[in-house]
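Some notes on the structure that comes next.
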Amino acid sequence: MADIQIYTALGVPTPAPQPSINSAQWSADGQLILCTKSAIFILTPDIGINFDNLSLLKTDRRNFHDSNSGSSSREAGLDLGWHRNLIELEKLTMHQWPSQTQEWGALSLGSLDISWRAVTISPSNLSRFTTGSGCLLVVMNTNLELTLWCATRNHLKEAWSKTQDITSTLQELPTPGNEHDLQQDRISYLKALQAQVHCISWSQQADFNVHPNPLVDASILALGNRTGSVVLMRYDSFQFVMQCDRVVRIADEWITHLAWSPWRAVQSFHSEAYLACGVADGSIIIARVRQRLEISQDAPVSPLSPRFYIAADVDVLGSYASDADGKGITALSWVNKVDNPYELPTIFHSKAGLFRFFQLQPPEPSAIGETEAAAPQRPRGVELATLRVQTQKASVDSSSFAAVSGLSRVTDPESSPLVVTLHDGSLHVVRNPCTAPAFVNRGGDDGMDINTDEEGTASLSSANLSRTARAVFVQAEGGTILPTDVCRISGANSFDEAQTIAWLHEGCQPTDFSYKHDARHNSMLVVASLWNNPQANESLLTLVKTTFEHPRSVLGYAPVHKLRPILLHLCQRKVFDVIWHRVLELIPTDISEGEIGGVIEPWADQINDVVRQAFRRSLCIDLYGWDSFLSLRLRLAVADYCWKTSSSDQTREQFGNVAQTLLNGISHRFIKIVVKHLIAVMGSLTEQDLPFLMRVIVQGLLDGSPQDLAAEAHTLNEAAKAKFTTVPPDAFGLSEPCPACRSPIPLENLLTAICPMGHVWSRCSITSFVLSTPMVRTCISCTRKAFLAPSSRARVQDDDGVPNTSAAGDAAGPSKATIPSVVWIPEAGRSWVVDELLEAARSCLYCGNRFVRIL
């Protein structure tokens, strides 16, 4: 057997949850969300993160089982550290269902012992807080209650806040059916059933094939309830709450499972996705959701950037992925990859002892009539395969009827196999899941023989992975592991889209019938490489190239999340020393700005809230809506990471030169965006805006600036001279007083400020003003600092921690009249342009990762 590589084995002091493919999920911010009975654990690997490394949780390898097969892993060079955060269980029952209706159908047995049951994660950048997490969490407990959570300051360390009781919102929906024909008791019963949610799923951001990405939230939260309906909700970023969009009738039975397919652009401004709905009778019904991106005609005229809204249509298809056979569904998911447009939408679902694959294919050309050619055609459903699970003898409790607890697609150019994890600790490999699904079972009759290639490395098969996973369990648990000890895996997910898998397990002995209370239950998070891929280096280089060429900013993935599969391998010395020169070749230093956008229509009238919001929205689109800008940030992150990892001075110098070139390109592009927007609003600027205006002009005219940037900065300078003809010369000064001694500090360095007395200060990475206040935000990756956005000071909270916008107006940026005195920004920077720029910078301008607030 190949050497076992265990990167993490951390104890999680909680009883294991019920097995589910959603027990372990990755957020778009790069955090691993574990749903357990007593807490929602929010774990962040330290790959690509430089924040509070002293408090990281790491594996204690002294507890590993001492065996020959694991001796090499004890000395492994990679030991992942983790930032830990959690949402503790609230034992308080907010909704007493028997007080609303006495019908037995509304009974919730989970109210007898409250625990967390499920969690779903929003796309990133949905939360408009400029610090903390960009993702939101919707959590469901066993009493079928839903709550919305967000991190407002520091998503790595500080507590998350509950912002909404979604169940109360659901109870305000109209009664299903006609209220006039129903008695009051029946109305109360139906409203209770409609508010009792059994399953939750949040879609990704829709791709409308629009460049740049308009940054409109087109994600949808789907809730399956006991009335057989699906409630579709959207997040209202102005009120910080979920709002109901529509209720879709699906079936007459409970909805028990929901799964969104990836969004695909059918044409420009039109996107489409499918929602698979698992019903209690065993059937699976598919609904097609089509969204259109349209320019709002009802909103006030937006002078600088159009204001979009989303129009959606929902169509319940006639094709059933599964008939009503009375067998319970244990897992439901779409397995076609989001970044592969050639894979057709394919559903994986499991029932006891069976894996089934169902695909939606385009309709036959002959079936499309002439009058229907222009209308969206319904796809036809085709069952690809039904696979009977074979038992892998990993332990005494192994069974082909175990529930599915994890799904992982492996990036492979040939078959892209699907690795299915079962609750009994076994793993099953299915090749070609979107074309011709089939098990990869190698070995003898007992299923436990290991095939090896010429180099002696284990091949990718169900038998091999099951045995390796058992060996990892034995080594990670330590002590004496008996054949009667079972590895119960409750949740699993891929760590790098290749051979590394993360899972949550709990060791138990099913033959021991003694009682074990919850306080004695302990689970373990394991991250391990389960097989050796001879082509791993080539696959990694292909992934690097694809990531740079097709970053897909529309998905909103944070760079630490998108680059995790790459940085995991680059931080290993034996891998880096072999491929670093090829990685260097794959990092293009081309910083052409072909996607900088057109000319903004000038605005010379009064600046009001509508203009400010349009100005901020236009800045956001130029800063975060272009794939080319995201590609620059990803290339810089990899070059900087390789610079830190390199051991030789020559290698460090090469990566350092590349990183500096990319950093200059990002800085120049940022200045060019600001210059373009200042030219557009030059007619509305006042003397109060002049200090920041002159800073931007000076940065645009520095030596080494591209010709197009210097030309636009010169145009801005001439426009400023023509407008401010009566302003005294000292108003154009670029110096700031030293916060310590009040000596003037000239603008000579954009990173640090040094006064004549020797006092050294950092500068804001967004505005270049001196940072002399603790009211700053810090990037979790590159550690650059910036002023807090003005809305961070204006926002108030109720006693229960729920954000309240009554005093702040627009949560993304309140009007100037409602902003208190922002004392942490220097007097020279107290301009509405600076305010909107700080609001628009929702993540680091240079590396693209999230900010956190330390104080």
Side-chain angles (χ1 to χ4, degrees), residues 1-6 9 16 19 21 24 65 67 69-70 73 330-331 348 350 352-355 387-410 415 417-431 433 437-453 456-477 481-495 498-508 510 524 526-533:
M1 182 187 299
D3 291 336
I4 300 174
Q5 299 183 40
I6 301 178
I21 60 174
H65 180 69
S67 63
S69 62
S73 64
T330 60
F348 165 87
S350 66
L354 296 175
F355 295 164
L387 307 180
R388 187 167 298 276
V389 182
Q390 299 181 7
T391 301
Q392 302 295 328
K393 297 294 184 180
S395 66
V396 296
D397 195 41
S398 297
S399 171
S400 61
F401 296 99
V404 174
S405 58
L407 295 175
S408 304
R409 278 297 297 274
V410 178
S415 63
L418 176 71
V419 179
V420 184
T421 306
L422 298 190
H423 188 43
D424 65 352
S426 64
L427 287 83
H428 302 257
V429 181
V430 181
R431 65 171 179 264
F439 279 126
V440 182
N441 289 322
R442 297 182 180 180
D445 296 335
D446 60 353
M448 295 309 298
D449 292 340
I450 295 296
N451 289 310
T452 57
D453 56 22
T457 58
S459 59
L460 178 59
S461 67
S462 302
N464 294 348
L465 293 193
S466 298
R467 183 168 180 173
T468 305
R470 176 69 181 183
V472 170
F473 166 72
V474 171
Q475 182 176 341
E477 286 291 333
I481 301 297
L482 303 176
T484 54
D485 287 308
V486 176
C487 174
R488 293 271 177 84
I489 298 179
S490 301
N493 210 326
S494 175
F495 193 92
Q499 63 265 33
T500 307
I501 295 180
W503 72 74
L504 181 71
H505 76 243
E506 180 179 4
C508 66
M524 179 174 286
V526 174
V527 179
S529 178
L530 296 186
W531 72 92
N532 292 335
N533 181 6

> Relative to the ring of Phe473, is the ring of His505 parallel (under 30°), tilted (30 to 60°) or perpendicular (over 60°)?
Replying inline: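 Plane angle over 60°, so perpendicular.
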State, with a plain yes or no, whether a side-chain heavy atom of [X] is found less than 4.5 Å away from one of [Y].
| X | Y | value |
| --- | --- | --- |
| Val420 | Leu407 | yes |
| Glu506 | Ser490 | no |
| Ile6 | Val472 | yes |
| Val429 | Val410 | no |
| Val486 | Asp424 | no |
| Leu465 | Leu460 | yes |
| Met524 | Leu504 | no |
| Arg488 | Ser405 | no |

Nearest atoms (heavy-atom pairs only) where [X] meets [Y]:
| X | Y | result |
| --- | --- | --- |
| Ala492 | Trp503 | CB-CB, 3.7 Å |
| Leu422 | Ala402 | CD2-O, 3.9 Å |
| Arg470 | Leu482 | NH2-O, 3.3 Å |
| Arg431 | Phe439 | NH1-O, 3.5 Å |
| Ser408 | Ser494 | OG-N, 3.2 Å |
| Ile489 | Pro19 | O-CB, 4.5 Å |

Where the side chain of [X] meets the backbone of [Y], is there a donor-acceptor pair that is under 3.5 Å apart?
| X | Y | value |
| --- | --- | --- |
| Ser398 | Ala394 | yes |
| Ser400 | Gln390 | no |
| Ser529 | Thr500 | no |

[X] [atom1] to [Y] [atom2] distance, which is reported to the nearest 0.5 Å:
| X | Y | atom1 | atom2 | answer |
| --- | --- | --- | --- | --- |
| Gln475 | Ile481 | CD | CD1 | 11.5 Å |
| Ser466 | Leu530 | OG | CG | 9.5 Å |
| Ser461 | His428 | OG | NE2 | 11.5 Å |
| Ser399 | Lys393 | OG | NZ | 8.5 Å |

> Going through the distances and angles, do Phe348 and Leu418 end up as a side chain to side chain contact (heavy atoms under 4.5 Å, CB included)?
Replying inline: CA-CA 10 Å; Phe348 165 87; Leu418 176 71; 4.2 Å; yes
> Does the side chain of Thr330 pick up a donor-acceptor pair with the side chain of Ser350 at under 3.5 Å?
Replying inline: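 Distance-only check passes for Thr330 and Ser350.
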